[in-house]
Asks: 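Please read through the structure below; I'll follow up with questions.
The figures here come from the full heavy-atom set of this structure, side chains too, leaving out hydrogens, waters and symmetry mates. Below, read A as the first sequence line, B as the second, and so on, with proteins coming before strands; counting in each chain starts at 1.
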Amino acid sequence: MTPTKFVGVGNYLDMLSDPAFRSSLVTFLAFAVFIVPTTFVISLGAALLVARTRVMQSFFRSVFFLPTACSYVVASLIWKMSIFSGIRSGLANGVLGWFGVDSIPWLSLADPPWYWLVIVTARLWLQVGFYMILFLAGIQRISPTLYEAAAIDGAEGWKVFRHITLPQLRATSTAVLLLLLINAFQAFDEFYNILSTFGTYPPYARPPLVYLYYTALGSGQDFGHGSAGAVILTLIIAIVAVVQGRILRLGDRGE
Amino acid sequence: MAIVRSKRQSRVTGWARYSALVVAALLFLIPFYLLIRSAFMREQDLGSPDFHWLPPVWETSNLTGLFDNPAIPMARSLLNSGLIAVTQTVGVLVISGLAGYGLARIPYRWSNAVFYTITATLLIPAAVTFVPSFVLVSTLGWISTLRGLIIPGLFQALATFLFRQFFLGFPKEIEEAAFIDGLGYWGTFWKIVVPNSMGFVAAIGTITFIGSWNAFLWPLVIGRDQESWTVQIALSTFLTAQSVQVSQLFMAALVAIVPLLLMFLFLQRWIVEGVERTGIAGD
């Protein structure tokens, strides 16, 4: 556990030139490209629908919010063993069967990468309610006089959304995008639980944290490289956060 | 004419909106339905090629069998999860509450420096610190102990930040009255401030409890021995094991989420507030 030799920036250079580390960054990017826009659009859509609903509003809100209480492990279990089970009794293959389509081995193939569908939908289900609540709070803060003014000007539907709701939600949207990105960057639970079988994880689809987990705590126990990787990842996240101006806003709040 | 059309239009969009909501709600409930259905299925019905909407036979022995299964320490892991979640929730509330109050109210030369240091750590995602944290905890000899699982999670920068912001907005006149009555900071905090902040405390508390109960990476790294498994680790081990009785696995998952579903049912208001407070810090 005690460092035996000071290697300078050696570990950092090793990490940056390690194809497995770089491929974990590519995996994160692919994951983010799927999960960030879909979660954003669906949670905003759910918030808009729920906000305008009077009858049973709290029921619908609770239904979308309920998965927030569920753990990634339990969701992974339902997705892996029930919805996307490779056999006919899995829900997805059962539905395909009604249309005469052959069963798809969702998780056992690297190519075509059906596993992305499983992983993305699981996280989507778990997260949408959380961000819907944030959007709902944002929508409720929009002054009704803005909508009244728009109604007098004859604006409705899409125009109201485009020119009033969306600009008024800018602060919420920025925060939601940043949170989605940071959370996608830290994805671990569903990858680990959905993709590993019999205690082994496939060589592909390793996002940064899964990669770090196996580097630092796997058979290698390579804390030096693991820590260097963690520092590099932290720097990437910090840069993204600074670019989004979050530091400035957090600093201003206190005054 | 225009008014009539827009009325009909709004009725059409109203119907479209409700249909979309109902379809989406059903989609969101399907996983819960599958979980409950599968937990009460017999193993041979789960594996059969036909999809069953309801269990042909309601099998309750999955529940009793679960607690008799020596491979999965279900009772022990539930106890561990409960202990960890309760102590972490209470600990975070006390530590972050006191720290937040001190930063908000007690004049001190370094209080801004301390506050900005705490705020700066918010930029470091907790998950990437797991390697150095693991090295620290294992040096202390806390691997596979409740101490190792609980203590590192007691110091939450976000909760401290939120408590400070909240106490800054607490009506100062009330505190001043308490000061005149001879209560110091300590007495004012416990006798005046806390009883009048229970809504906020409940919001932070419920969110902390959920996060703690559902945590996975840290318990996976620290909980090496079976005796120190949380319920999430027990489930995960069960899920990735060689031979699995799937129906029992679903029953285990159902048991694992029941406490949170109950909490959700009774405390949803505070959970919603907690999400609003923690999601967009200080907004």
Asks: Non-hydrogen atoms of chain A under 4.5 Å away: do they reach the side chain of B:Ser236, the backbone, both or neither?
Replies: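 Both parts, backbone and side chain.
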
Asks: Counting C-beta onward and ignoring hydrogens, is there a side-chain heavy-atom pair between A:Leu66 and B:Phe32 closer than 4.5 Å?
Replies: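 Result yes, sub-4.5 Å side-chain heavy-atom pair found.
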
Asks: Do you know which of A:Val74, A:Ile194, A:Asn193 makes side chain to side chain contact (heavy atoms under 4.5 Å, CB included) with B:Leu239?
Replies: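 Testing B:Leu239 for a side chain to side chain contact (heavy atoms under 4.5 Å, CB included) against A:Val74, A:Ile194, A:Asn193 leaves exactly one candidate, A:Asn193.
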
Asks: A:Val55: what forms a side chain to side chain contact (heavy atoms under 4.5 Å, CB included) with it, not counting sequence neighbours?
Replies: B:Tyr18

Asks: Quick one: of A:Arg61, A:Arg52, A:Lys80, who has the most non-hydrogen atom pairs under 4.5 Å with chain B?
Replies: A:Arg52

Asks: Can you tell me how far apart CD1 (B:Ile271) and CD1 (A:Ile133) are? Round to the nearest 0.5 Å.
Replies: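 That separation rounds to 10.0 Å.
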
Asks: Please report the interatomic distance CG(B:Leu27) to OG1(A:Thr121), rounded to the nearest 0.5 Å.
Replies: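 Result: 11.0 Å between the selected atoms.
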
Asks: Using heavy-atom distances under 4.5 Å, tell me whether A:Phe185 contacts chain B through its side chain, its backbone, both, or neither.
Replies: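 Contact with chain B: none, neither part.
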
Asks: Find the one option among A:Ser62, A:Pro208, A:Ser76, A:Gly94 whose heavy-atom pairs under 4.5 Å with chain B are most numerous.
Replies: A:Ser62

Asks: Tell me, for A:Phe65 versus chain B, whether the close heavy atoms (under 4.5 Å) come from the side chain, the backbone, both or neither.
Replies: both

Asks: From B:Leu220 CG over to A:Tyr192 OH, what is the distance, rounded to the nearest 0.5 angstrom?
Replies: 4.5 Å

Asks: For B:Phe28, is it the side chain, the backbone, both or neither that has a heavy atom under 4.5 Å from a heavy atom of chain A?
Replies: both

Asks: Side chain, backbone, both or neither: which part of A:Ser82 has an atom under 4.5 Å from a heavy atom of chain B?
Replies: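 A:Ser82 touches chain B through backbone and side-chain heavy atoms alike.
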
Asks: Heavy-atom distances under 4.5 Å only: say whether B:Leu254 touches chain A with side chain, backbone, both or neither.
Replies: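 Nothing of B:Leu254, per the 4.5 Å heavy-atom cut-off to chain A.
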
Asks: Need one label for B:Leu103: side chain, backbone, both or neither, based on atoms under 4.5 Å from any heavy atom in chain A.
Replies: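 Neither the backbone nor the side chain of B:Leu103 comes within 4.5 Å of chain A.
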
Asks: Taking A:Ile78, A:Ile42, A:Thr68 one by one, which has the highest count of heavy-atom pairs under 4.5 Å against chain B?
Replies: A:Ile78

Asks: How long is the straight-line distance from CZ of B:Arg17 back to CG of A:Leu48, given to the nearest 0.5 Å?
Replies: 10.5 Å

Asks: Under 4.5 Å from any heavy atom of chain A, what part of B:Ile257 do you find: side chain, backbone, both or neither?
Replies: side chain

Asks: Which bit of B:Val246 is near chain A, if near means a heavy-atom gap under 4.5 Å: side chain, backbone, both or neither?
Replies: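 Looking at B:Val246, just its side chain touches chain A.
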
Asks: Quick one: what part of B:Arg269 sits under 4.5 Å from any heavy atom of chain A, side chain, backbone, both or neither?
Replies: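 Contact with chain A involves no heavy atom of B:Arg269 at all.
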
Asks: Under the rule for side chain to side chain contact (heavy atoms under 4.5 Å, CB included), what residues qualify as partners of A:Ser85, not counting sequence neighbours?
Replies: A:Ile87

Asks: Select one option (side chain, backbone, both, neither) describing which atoms of A:Phe60 are under 4.5 Å from chain B's heavy atoms.
Replies: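 For A:Phe60, the side chain is the part near chain B, not the backbone.
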
Asks: Measure the spacing between CG of B:Leu29 and CZ of A:Phe64 and express it to the nearest 0.5 Å.
Replies: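 Atom-to-atom, B:Leu29:CG and A:Phe64:CZ are 8.5 Å apart.
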
